Amino acid sequence: MDKPYGLLAELTYACPLQCAYCSNPLELDAYRDELSTEEWQRVFTEAAELGVLQLHLSGGEPLQRHDIVDLVQCATDLGLYTNLITSGLGLSTRRAEQLREAGLDHVQLSIQADERDLSDKIAGTISFERKQVAARLVKQLGWPLTLNVVLHRENIDRIGGILDMAVAMEADRIELANTQYAGWAGHNRDELLPSRDQLERAEAVVREARERLGDKMEIIYVIPDYYSKYPKPCMDGWASRQFTVVPNGEALPCPAAHELARALDIPPANVREHPLEWIWEEAPLFQQYRGDAWMPDPCRSCDRKEIDFGGCRCQAFALTGDAARTDPVCHLSPDHGLVEAAVEAANDPMRPQDGSLTPRSKVIRTKKRATAATQERMARTPVPLSPTVLKGKA
Amino acid sequence: MRLTSLMQITDEDARPRLAPHVRLAFNAARGEYALLSPETVWVINATGAAIVELCDAQRTVAEISAELRGRYDQVAENDVRSFVALLVTKHGMEVHHG
Ligand code: SF4
Ligand code: SF4
């Protein structure tokens, strides 16, 4: 068993936005008992000892944590590469300077659209202007700027405008990732899934932009797995390279495994009760789908099982109720009809125009540190955690 | 072949440096060098790390090769160039020409 390279720390599920594509779990209330500053610092220390190199600070909105600067400082002291995944709300000039000072390596700013009205509508909150300000601040302070855009039926036709906006913001990198249907996004899937025509147009725009922009801006485009023949190599395999710790201290092999973990008849792996090393090496939840012993056919006898690991366990669970099945996205899966039906509905010319998206619901923080106990909401972009590990050539 | 096309990306006069979002680290728990970026970990060996340390946007690929040959026996003529070229295609490095 290898040591993990990456830790995704979902510090809080509080968020000022309420994106319908959020991959946070539906049952947000179950995660309100957040780890304290000291507990997170212990988690980071144990993670570094375990071999973790990259720390992604996410949520919800990680800037909702008043101790974010202290947490970054701790990670810097441990030598971790720190990546803040933020909506930009809460990134005041002062906060940004403190984070820079504390050694934060990188900021990923989520973008909903290139137009104010659409952006604010998707976010469920007035936020477009503040994101522009946040982008400028990131550049001014000398950080590289990466924009994260979750693509779906409502914004994918704006991809050209979004790329122009990214160039105007002087973004170094932009990630255009089609929605993964986990959490709220899973709930809203039928409204979010784009049509085949939309995808083809988007891909043509991306190809053209890559040629035109060359090295000026790196464009990462993640295709939707619903339209692929094979599933994604989810997480490079269950509990193989990275893991997630959610606000209440539960450790998950995948950032979308909340519901799956609850449905299994095994105890949760909580950092409040166990050292990380034990969790990574021994926790039943982490062992459950590690390797290939759990695989059913068609994966068991398939050549591609070392390539895609049978796809996403969370997707198998969400669609079939059984996490140990082949990812239904795979055309060889006996459950593939579930995905085909959704794709067919998304391409139905008689499809009703404006269905309704359910915005991610509010989380009200009850912990002492959230003094302005406001009605906070949560949103986040799916986290692009998939390190490719390249052995050095020289 | 892939390597041939990669070779065209950098030449001996190119002055490489890490992309702004990439950082070199040595991890004690693993005893390994790695290049870290938001989505990627590139594990590299000590020679790779020595190359990266010399990629300061001042030295050319030719100068880096010469410097390393002074230190190590087995640095082949094209090692530095192909290492840099590979990282450039993966957006881990930037090169300035001339
Ligand atoms: S299976 Fe993997 S990709 Fe899919 S939701 Fe779970 S962790 Fe994410
Ligand atoms: S059958 Fe399983 S291993 Fe084979 S391609 Fe499909 S998901 Fe991957």
Side-chain angles (χ1 to χ4, degrees), chain A residues 2-6 45-58 76 78-85 103 105-108 138-139 142-146 148 171-173 175 177 214-220 222 236 241-242 277 383-394, chain B residues 2-3 6 9-10 18-52 54-55 64-65 68 72 74-97:
Chain A
D2 203 355
K3 297 161 186 287
Y5 283 93
T45 307
E46 290 181 10
E49 285 166 5
L50 195 53
V52 164
L53 301 169
Q54 282 172 321
L55 174 66
H56 304 272
L57 299 161
S58 181
T76 302
L78 291 163
L80 296 169
Y81 184 98
T82 46
N83 180 30
L84 180 76
I85 301 168
D105 285 297
H106 187 262
V107 180
Q108 267 173 255
V138 167
K139 290 297 288 188
W143 272 303
L145 174 63
T146 297
N148 272 5
D172 299 271
R173 315 164 69 238
E175 181 178 278
D215 282 348
K216 233 172 101 186
M217 184 171 77
E218 180 182 1
I219 303 174
I220 302 151
V222 183
D236 298 313
R241 300 204 179 283
Q242 55 205 321
E277 187 179 11
V383 173
L385 273 181
S386 59
T388 40
V389 175
L390 167 81
K391 291 289 174 189
K393 283 274 171 207
Chain B
R2 188 165 165 73
L3 200 62
L6 282 175
I9 292 172
T10 61
L18 285 182
H21 61 281
V22 180
R23 180 154 77 70
L24 174 68
F26 178 77
N27 183 262
R30 295 170 179 279
E32 288 175 342
Y33 288 95
L35 291 176
L36 306 175
S37 83
E39 296 92 21
T40 314
V41 173
W42 289 298
V43 175
I44 57 175
N45 61 18
T47 314
I51 295 175
V52 169
L54 294 173
C55 291
I64 294 167
S65 298
L68 285 174
Y72 301 93
Q74 314 122 307
V75 182
E77 191 67 18
N78 279 326
D79 276 356
V80 173
R81 189 145 63 117
S82 57
F83 180 84
V84 168
L86 186 64
L87 280 166
V88 169
T89 56
K90 292 176 179 293
H91 296 272
M93 273 202 185
E94 298 174 344
V95 289
H96 300 264
H97 291 274

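Residue numbering restarts at 1 for every chain, and letters A, B, ... go by the order of the sequence lines. All values reported here derive from a predicted model rather than from experimental measurement.
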Problem set entry | Engaged part of A:Ile220 at the chain B interface, taking heavy atoms whose separation is under 4.5 Å | side chain
Exercise. Which bit of A:Glu218 is near chain B, if near means a heavy-atom gap under 4.5 Å: side chain, backbone, both or neither?
Worked result: both
For this session: Inspect the contact between B:Glu32 and A:Lys3 and indicate whether a charged nitrogen and a carboxylate oxygen are less than 4.0 angstrom apart.
Result: no
Exercise. Hey, does B:Glu39 have a side-chain heavy atom less than 4.5 Å from the side chain of A:His56?
Worked result: no
Exercise. Hey, what do you get for OH (A:Tyr5) to CG (B:Asn27), rounding to the nearest 0.5 Å?
Worked result: 9.0 Å
Problem set entry | Positions in residues 18-26 of chain B that reach chain A, provided some heavy atom is under 4.5 Å away | B:Pro20, B:His21, B:Arg23
Exercise. CG/B:Leu36 to CG/A:Asn83 distance, rounded to the nearest 0.5 angstrom?
Worked result: 11.5 Å
For this session: Using a 4.5 Å cut-off on heavy atoms from C-beta on, say whether the side chain of B:Pro38 contacts that of A:Arg173.
Result: yes
Exercise. Between the side chain of A:Glu49 and the main-chain N/O of B:Ala29, is any donor-acceptor distance below 3.5 Å?
Worked result: no
For this session: Given side chain to side chain contact (heavy atoms under 4.5 Å, CB included), test B:Arg30 with A:Asp2 step by step and report yes or no.
Result: CA-CA 10 Å; B:Arg30 295 170 179 279; A:Asp2 203 355; 3.8 Å; yes
For this session: Pick one of side chain, backbone, both or neither for A:Leu80, based on which atoms fall under 4.5 Å of a heavy atom in chain B.
Result: backbone
